[in-house]
Structures are given as C-alpha cells and as structure tokens.
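Written out below as structure tokens is the structure these notes cover.
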Amino acid sequence: MSRFFTTGSDSESESSLSGEELVTKPVGGNYGKQPLLLSEDEEDTKRVVRSAKDKRFEELTNLIRTIRNAMKIRDVTKCLEEFELLGKAYGKAKSIVDKEGVPRFYIRILADLEDYLNELWEDKEGKKKMNKNNAKALSTLRQKIRKYNRDFESHITNYKQNPEQSADEDAEKNEEDSEGSSDGDEDGVSAAAFLKKKSEAPSGESRKFLKKMEDEDEDSEDSEEDEEWDTGSTSSDSDSEEEEGKQTVLASRFLKKAPATEEDKKAAEKKREDKAKKKHDRKSKRLDEEEEDNEGGEWERVRGGVPLVKEKPKMFAKGTEITHAVVIKKLNEILQARGKKGTDRASQIELLQLLVQIASENNLGEGVAIKIKFNIIASLYDYNPNLATYMKPEMWQKCLDCINELMDILFANPNIFVGENILEESENLHNVDQPLRVRGCILTLVERMDEEFTKIMQNTDPHSQEYVEHLKDEAQVCAIIERVQHYLEEKGTTEEICRVYLRRILHTYYKFDYKAHQRQLTLPEGSSKSDQDQAENEGEDSALLMERLCKYIYAKDRTDRIRTCAILCHIYHHALHSRWYQARDLMLMSHLQDNIQHADPPVQILYNRTMVQLGICAFRQGLTKDAHNALLDIQSSGRAKELLGQGLLLRSLQERNQEQEKVERRRQVPFHLHINLELLECVYLVSAMLLEIPYMAAHESDARRRMISKQFHHQLRVGERQPLLGPPESMREHVVAASKAMKMGDWKTCHSFIINEKMNGKVWDLFPEADKVRTMLVRKIQEESLRTYLFTYSSVYDSISMETLSDMFELDLPTVHSIISKMIINEELMASLDQPTQTVVMHRTEPTAQQNLALQLAEKLGSLVENNERVFDHKQVSDSLLTTSAPVARPLNNL
Amino acid sequence: MASRKEGTGPATASSTSASGAAGKGKGKGGAGDSAVKQVQIDGLVVLKIIKHYQEEGQGTEVVQGVLLGLVVEDRLEITNCFPFPQHTEDDADFDEVQYQMEMMRSLRHVNIDHLHVGWYQSTYYGSFVTRALLDSQFSYQHAIEESVVLIYDPIKTAQGSLSLKAYRLTPKLMEVCKEKDFSPEALKKGSITFEHMFEEVPIVIKNSHLINVLMWELEKKSAVADKHELLSLASSNHLGKTLQLLMDRVDEMSQDIVKYNTYMRNTSKQQQQKHQYQQRRQQENMQRQSRGEPPLPEEDLSKLFKPPQPPARMDSLLIAGQINTYCQNIKEFTAQNLGKLFMAQALQEYNS
C-alpha cells in the first residue's frame, strides 16, 4: 500500500481525481436504483422482509464502498465520517442483523479498515506528509475502530482465518439475489458486484487485495476515463458494468465496449437506446398498473442519473397507446431535466425531435407538434450555456429549419392560437372542435434567432469565405422575420407588431437600395411610366417600407427604446439614400441629441452610426459645414472605431477587465454593417480642410482665432514635422498635401491631391454616386481656394479684375462675383466692387503684420499692467490689515 | 545649456585659479567696486567668435566658448579664445573639463595666454538674459573675479554693425546669488532691480600695429567698402521677430505676476486666519481665567499656519531684464530705421 502511494505524485493525483468521481457518482446511482429493485421483485411474496433487509444492507454496502474509495485516496477524514455513518446504519439494521447474523461484508470492512489504519499509523513518512485534518482524523478513527471492533472480535478473527470462504458465501448469496431479478445485473447489483470482485481477489490478505484493486482501477480508468466520463454517459449502469467487467474478467465484454465508446456519442446513445428498447419491450407487456408503478420508478431515475431519460421516448414508440396526455407528460419530464447540471443538452434535443416524430406518426395533431417544436427551439438556444459562444452551423441550420416548419404549421392552421400569456393549464392541444391554444411566443424565438445570427456574424472572421457563407443565411433570417411579421400582423398585439417591425427595420436600414436607386435614375426619362408600374415596385422599395414600418412604430409604440431605434434607423436609411433634408429634419425633430447619453450602449452605438451616416450624406450633398459638425464628435475623440462598435481599442485594454471586455465584444456590430472608417476620416478631414484653410487665411494674424478642427490641425502638424516630404502615400498625407496647396491658393495641385487614382480607390469610389461627389468636390475646392487666395494676397493688390480671378480658378464670372460679394458683405474682405470695369478694389484698411503685432503687444501689455496693479492693490490691503491687526496682537503678547 | 555651464564653471575656474595666481594677485580682490573697468579684445578673438558662430550656430542655437587673457590693472585684456565643442545626444560622456584643460595646456605650449578670464556666447535676437547665463556667469565670477561674458549678436552683425558686448554681474547680484535666496524679501533687501543685474563693461578692440598697417593697406586696395547692409531698408522681419519675442516675454511676465498675486492673496488669507485663531484663543483664555483655570498652553503658530512658499522672484527679474533688452533693441533699431527712411525719402525727392 505504502509502496504504491509513494510511487509518484502523478498517479496519486489521477487516482484521487477518479476517486472523487467514484465517491459521488455511485452513491447517487444506487439511491436511484433502490426503488427499481423493489418494483422488479414485486412478485416475490417475501417482498417486505426481503426489501427491508435489502434496504439496510444496501445502505451499508454503499457506505462501505465510499469508505473504500476514501481509503484508496487516503482521505482519512472522509473515512471517519463514513465510518460514523456506517455505525449508525448498522444500528438501524440491528433488528435484521439479529435475525440474519452479522453480514460478512460488514465484518470485512471492519477488518480491512483496521488493517489499513494500522498500516497508515506505522507509516511515519506518510503521516508526516498528511495534512493536519487527515492526521487528526486518523488518530480518532484508529481509536474508534479499535473500540468498535472489540464487539466483533470473534467475527473478525473468524474472517481473518478464512477470508475466502466467507467471501464466497457472500458472493453466492448475492448471486442468487441478482438472478432473482430479471436482468438486474446491470441495475441492482452494485453490492453484489462489489463483493464479487472481492471474491476474485486471489488472496485474503487485504493489503494485497487493495493494491490489486487500485491497479485495476488504474488500468480501467486510464483506458476508459477519457471516453467514458467525457461522453457524458456517466450513468450508474455503466459504472456497474465497468466493475462487472473488471471482476469477471470478461475481456470480451470489455473490448466490445471500448470501440463503442470510441465512436461518436450518437452511436453510443443508440446502442444504449437499443438496450433500453429491449428492456422496455419486455416491460410493455406488463399490466397497466405496473406501468404506473414503473413511471414512479422512472421519475426517481431521472432525478438520480439524468441520461437515463433518453431511454424514455422509445418506451412509447412501441407502446400500446400513445395519447396526447402521455406525450405531454413525457415532454414535461424531458423539460424537467432542462437546465439541470449534468443534463446532456444534445441528447435532449434529440429526444425532443424523436418525440415530435412520434407525435406526428401517431397523428396527435398540430397542437402537440407546435408545442414540442417550441421546446426544441428553446433547447437549441439553450445548447450553449455561455452567452459569448455562438451556435454551431449545424445547430443553426436546425434552428432555422425548425422555425420555418413551425411557421408552416402556424400558417397552415389559422385556428391555432399561440401566445405567451396562455397558461399551461388553459392550453388546448388536441381538442379539435375548439381553437387550439398553445403556450409559447414565436416572436421571442425569432428575436432570439436574430441575436444568434448576430452572434455568429460577430464571431466569424469577416475576411473569410465562412463569413460569406454565413451572410447568405441573412436572406433566410429576413424571410423568417417577414413571415413572422405577416403572421403577427394578423394575430399579434400592437406591441408585438412593433417588435417584429423593429427587427425588420434592423435588417433593412443599412442596405443600400440599388433597385430604387436605379429606378430613380431612370425615372426622369421614363416619367411617362404609369402609376401602376410604380405600385408594382412599391413592395421592393425599401424607402417606402421603412416609412411604413417606422410610422407604425411612431404611432403605436409605447416603449421608448423601440421608437428611438426606429427613428435612428429611419434617419440612417434616409442618409444612406442621400435624402439629407428628411434625415436632418427627423434628427432635429426627434431631439435625440439631447438625451441620447441616457440610452443604453447599443442604442448609443446606433446613434453614432446614424450621425456618421448623416455627416457623410451631408458631404455628398456638398454641405461641408454640416458634414463637419456631424462628424466632429465622433472624430475628435479619436475613438471612432470604438464608438461605432467596430472594434476594440488596444489602448484601453488594460483599463478594463475580462468581464467588461466580454460585454464590449458582445456589442460589436457585425462586419457587414460596418461603416468604412477611412472613408469617414477622409470625409471629415476634407470637410475640415475646406472650412479651416480659408478661415486660417482670414485670421492669420488674429491672436484669438480658434481652431475649427483640432484633428485637422494635428494632421497638419504631423505633416510639418516630417523631415523629408515625399509624395503622399496615405489618405491623410494626401489631405495634408492638398491643404498646403490650398493655402497657397493653388487649387489645381489641391485638386490633384484630393482626387486621383489612389484616393479614388481608397475613398471616393466607395460612394454610390462617386462621380457626382467628385464634381461637387472640385467645385468646392475651387471656391474655397479662391477665398483663401483673396484672404492671403489681398494686401498685395490694389485692385484685381474678376475676370482674371475667374480664369485663375476656372470658375464662371457670376460665381466669382457672388463669392466676392459674400466676402465683402461678411466684412471678411475690405474691398469694393467696381461694376463697370468688373474689378475688385481693395481698401487696404487691414493692418499690416507689424501693426498687428503692435496691437497684440499693446493688448498684452494692458493685461500685464492690470495684473500688476492688482498686486499693488493687494499690497496696500495687506499693509492696512497688518497695521490694524497690530494693536490686537500686542495685548496678546502681554497675556 | 544651463547644466553644462553650472557643471563646468567652477571646475575650470578652480583649475585656472591655481595657475593664474599671478594674474589674480593684481586684481583688487575686494568686492566693493567692480574689478574691471574696461575690456580690451584682440581682433583675433572677435574674428574667432564670428567664425565659430558661422560654422556651427544657426537659428536659435547658441554657440559658446572660453575666453583667455590677462588682467592688467583695471583692464581685462582678452587675447585669445577657443570654442566649446557642440554637443550631441550620443556623446554624453564627453568630459568638458578635461577638454578645457587639454586645450589650455596645448595653448600654453605655443606660448599663448592661458588664463581663464571668462566666456562668450552668441545670441538670437538679443535674448540672452536667462537663468542659464546668470548661473554660469555667477559661477565664473565666483571663481575668477574678473571674468566677463561676451555676448555676440550675429543678426545685428549681419545688418552691418558688429555687435559684441561684455557683461558682468553687479556686486549686489553676486551677493544675492551667493545667498541663493530669491525670495521677495531677499531681493528687496539686496535692492536688486532688473536694471541693476548686469553691468556692461566698455569694450575696446585692439589690434597690433602690424595688423593695423595691413588694414590700411587693404582699405586702399579695395575699391568700395561693402557696407550696404547698413543701408538696407527692409526692417519688418527683424522688427516682427523682436516684437514676437517681446510678446512672449510679456506673456511670461503676466503669468508670473498672476502667480505672485495668488501667493499674496494666500498669505493675507492665512494672516487673517491666524489672527482669528489668536483672538479665539485669547477669549478662551480670558474665560478660563475668570473660572480660575490655568490658561491654555501656547502653541506654535508657525506650525499651525504654514506660510505658503513664496515664489522665486529671480525669474521675473530676469524676464524684466530681458524685456528691457528687447525694448532697447527695438528702440535702437527703430531709431536707426527712421533715420534710414528719412534718408531714403530725401534721396528719392532729390532724384525725382
């Protein structure tokens, strides 16, 4: 024993691991088995007596088993506990023992335990290694057992002298028992099996025996542990099977079993089910009352070892009569296991699917089918206990199919009522005369499905083929949502309709409607198209769809969140389709900007996305100022990626813990909804350039000028810091180079920097109407360059002809005229227009650089003097204070 | 720059003071009046300084070097100089003291005056009144009483007239610096104002007779002296730059004053609190007395009310000094320019 234990920590830990499992599992299993034994032997006349004896002995054997396990792992504390329990149990069984004599196994354990303890006691080295609790327990237990064994002295000596014989006796006895039960060797014989094993032990010397047991355990566990424990079929019968295999040395059986476990789970299940089937075939021949009893037994078993549940549906497959009640009952039984620890979720789903098949085979009607389907979908969702993980593709497919089937049934049977608020009791699943009523909410299922879809998309690498494959499911998801929408439009409450509409909107708002776009383009030419044609296309036009859905939500929704989301999506959709004014008006009217910071993060992300889209839309329309304002908040933080939910920043990784990161990850927007960040930044920088450069030129020497865009200035500074300026590479460099050119009023260079092959590829081609945007941009650059030129160089000119200007900037004369007039009116340019000669006459009232400096200096000196005077005032005040306080201070000194 | 100066100043000084005992003996020793009344610079030194700047200095970067010479009565004769090598980041372990010693030893071998009499520095638009300069000049003057700092202004020089000025710290400032106490009170006591920080020592540039002869000869040979920088009318750039710098200093000054203001306010507030506390204590004591109890023990008021740290006033003094220099510069410059403009006007009228 000691030799074994000191061999190595590896095997020790292993055995302790398996030991733990052995400790917990069999106990539960045996408790569960107990009543089954009863029911099977009920024909026996001596039933009561026997069962009482059995019950007591069973209890004892269980305890003994636990003690042996504890011994194996040297858990003396556990031994002590169990020993005390054993003593009590023995006390209870006293009456039987009196009748039958002291059971051998009881004597054996006492003897073994004593030997074992003595051994431990002598093993000084091992004792040292023991932890405090164990050492303490060891000494108490040793004393206790000595005292206790004094009563059994004669028995023990008897046993020690002739261990084999007594063991054989016992085994025989037990074998008889097990033969009595029909095929109980699997179920009810753990005690017998256990004892039999001992009888196999070649020598009665307990030490050797224990060692052997260890070895056997080791072997079998080594080979089986992985498959056996992990497949989740850690049922009690497999336990006993194992032991049986061990003790009878039925290698063949063992071998037969091994390949089975190596096969995938399903195969194993099937085998088991087959076995179960046979058993149930036999059982089903029995009487009805017996079935009742049986069910009681079943119920117990569910509690003990859940995997047994899977044997159940078959029970009814060949059952005499399958009624609604029975199926429902079964369903409930299966559902009870749901959510419990150790429940095999995969098998549960399978069970439910079998059940649905049975139900349909037996023509139980749609009500039951729907009921079960609901539960299948629910358990599909439950399959992953973790929120972060996503469904496997096959599961997902199953889920989609299932929902589709469910929808088919619902559409085919308009007389079925489905609702969350229908109580279990008031369900009507089979009474065909009345409308069928089923509890369950199709909308929730669909919403959950949609979330699962998002999760799948979030967890797929967006640049892989896999993502594309998953994305193809989007159509299916949309179709389902549409079907649910149709269904609910007929039957649902307004609240439900709002919810399903929102789902629909969420799947629509980000998609650019190319068909409608094309139609719009062709419309001016084919304006003769009849209204009928228009009406035909209406169904496809997402704008109208959005309009309809959103308006319904605006009118009917009572929860604020759905309405907010709907508005934001609506704005986004408008902006995406360049309906700037509608989008802007909706944004302003909704007053979302005021209170969006109180919304939850996903809505805030949606809001950010909407604002960005709005800004890009404004840019496309040539409204640089609006574009800049809309994008300012997002861009100035430098966290656009995070704010749009398109990725986590590495920078803040340290600031958040694992949990937060998980939450944030869940918020990410799937890749196909992303807004191109480079496009966003480029749009922002270009609009900032168009605003800032003329402004900078106008306020060159103004000390109090403010930056319009900090980020743009930052980029400019970065550009300036470069020691060597090569041709621009990145988008930012292009914009910086263009800004520099614009500063000089050189619009042609500016133009070539902003619009060229590289920038087209990177940015401009991403717009739906790229050419339109480009022409707009060129014009903007020309105008702003003209303004910059006038600001920068007006001091050089006495007068300048507008024609020259219009030639320089390739703008037509009226435009130049209007720009200059505007500048004069805004008092940006001190000049007047000379109409007959078409020239601009400068007034030269602007101060020169030196004058400006002098003015600034004067201002600064003014403030300096002011400050200085304040110091002086202070001095006077404190002086006066000191003088007044002096007389007060004097008497104090006297005291 | 400051650290470099501070680090090397005393070391070099101590090394030279031993060898230059003879030169030092002639000095008046006592503080009282300034030890040096006049600085006489060799033409060679001027040219070397100009050359040094042109080779190494650019923009706002300044160049520095060591002056060598003799003290004759109350006249400081600077007969030679050598530059400090320019520093880069990677040769941080460069030993300056060693370099200076080596340099002086080498010069001594070729029979050149090797007595350390000060240092020179170039400047950018006259912005030299800094803490760094003050510190290093202090350490120089502390070790070698007669030492001066020569300020070379390359920009003014480029405009046509050589600008080279010799400065020394006033004895008053020396006193204050020795105390290392720049609190308002100390400065008040030392009666230091920005005008009395530096004293300018008149400079005479002296050449040997041989060189003078050469000059005469050269002057005759060259047809027209290239002096037209002096007549340049372009003034805005220089003026603008100076104004900008002046403005920066004014800003700093403002900030400093605000700081001082806060300090004043805090002190007076605390004074009040202290006063209130004392009064309260007094009342309580009176009550106790009437009840026949012993008065409360006196507490250390300075512990209870720690006076706020007074801001160092040296910086503001320096800034004021710098502003003063700028103003002088501007005044000078504008006066000259006005003259030029009038001349140009007259010329134009005459021509047309």
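As the structure is a computational prediction, the values presented were derived from the model and not from experiment. A note on names: the letters A, B, ... follow the listed sequences, proteins ahead of strands, and every chain is numbered from 1.
The structure places CG of A/Leu861 at 8.0 Å from CD1 of B/Ile323, a figure rounded to the nearest 0.5 Å. Annotation: the span from B/Met247 atom CE to A/Leu853 atom CG amounts to 4.5 Å, rounded to 0.5 Å. Here the CG-CE distance, from A/Asn867 to B/Met253, works out to 10.5 Å after rounding to the nearest 0.5 Å. Note: A/Leu857 CG to B/Asp248 CG = 10.5 Å, rounded to the nearest 0.5 Å. If you take CG on B/Leu243 and CD on A/Gln851, they are separated by 11.5 Å, rounding to the nearest 0.5 Å. In this structure, A/Asp873 CG and B/Met264 CE are separated by 10.0 Å, a value rounded to the nearest 0.5 Å.
Residue A/Met731 qualifies as enclosed at atom CE: its count of foreign heavy atoms under 6.0 Å is above 12.
Taking every heavy atom of both residues into account, B/Asp251 and A/Lys860 meet most closely at OD2-NZ, 3.0 Å.
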